[in-house]
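The next block holds one structure in the form of structure tokens; read it before the comments.
No experiment lies behind these values; they were computed from the predicted model shown. Quick note: numbers below take in every heavy atom, side chains included, and nothing from hydrogens, waters or symmetry partners. Residue indices begin at 1 and follow the sequence shown.
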Amino acid sequence: MTDALVTLRDAVAALPADGQDGAGEHDAAEQAARFEAVHDALVAVLADLDRT
């Protein structure tokens, strides 16, 4: 489960803070990929919890 939590933390850290992507421009595909990574990591954490 530790690996899943680390992956989740990293994915959340990659999200822009307060809707800012750092470059000042909004790239919908990049944002979608970041949120998908968070979703996948969260599913992995929940699956690990379910196994315990």
Side-chain angles (χ1 to χ4, degrees):
M1 166 121 101
T2 303
D3 292 338
L5 285 174
V6 170
T7 302
L8 179 59
R9 286 184 188 128
D10 291 344
V12 170
L15 293 175
D18 295 329
Q20 304 209 6
D21 61 5
E25 298 203 13
H26 179 75
D27 182 354
E30 186 176 326
Q31 295 289 58
R34 288 177 181 168
F35 279 100
E36 184 176 1
V38 171
H39 173 266
D40 292 346
L42 183 55
V43 168
V45 168
L46 294 174
D48 281 351
L49 284 173
D50 192 43
R51 284 190 280 266
T52 59

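- Under the 4.5 Å side-chain criterion, counting only non-hydrogen atoms from C-beta, Arg51 is in contact with Asp48.
- Considering CG of Leu42 and OG1 of Thr7, their distance stands at 12.0 Å, rounded to 0.5 Å.
- Rounding to the nearest 0.5 Å places CG of Leu8 at 12.5 Å from CG of Asp3.
- Taking Val43 as the reference, His39 meet the side-chain contact (heavy atoms from CB on, under 4.5 Å) condition, with sequence neighbours excluded.
- Contact annotation: the side chain of Asp40 approaches that of Glu36 to within less than 4.5 Å [non-hydrogen atoms, C-beta and beyond].
- The two residues Arg34 and Pro16 come nearest to each other via the heavy atoms NH1-CD, 3.5 Å.
- Nearest approach of Leu15 to Val38, heavy atoms of both residues: CD1-CG2, 3.8 Å.
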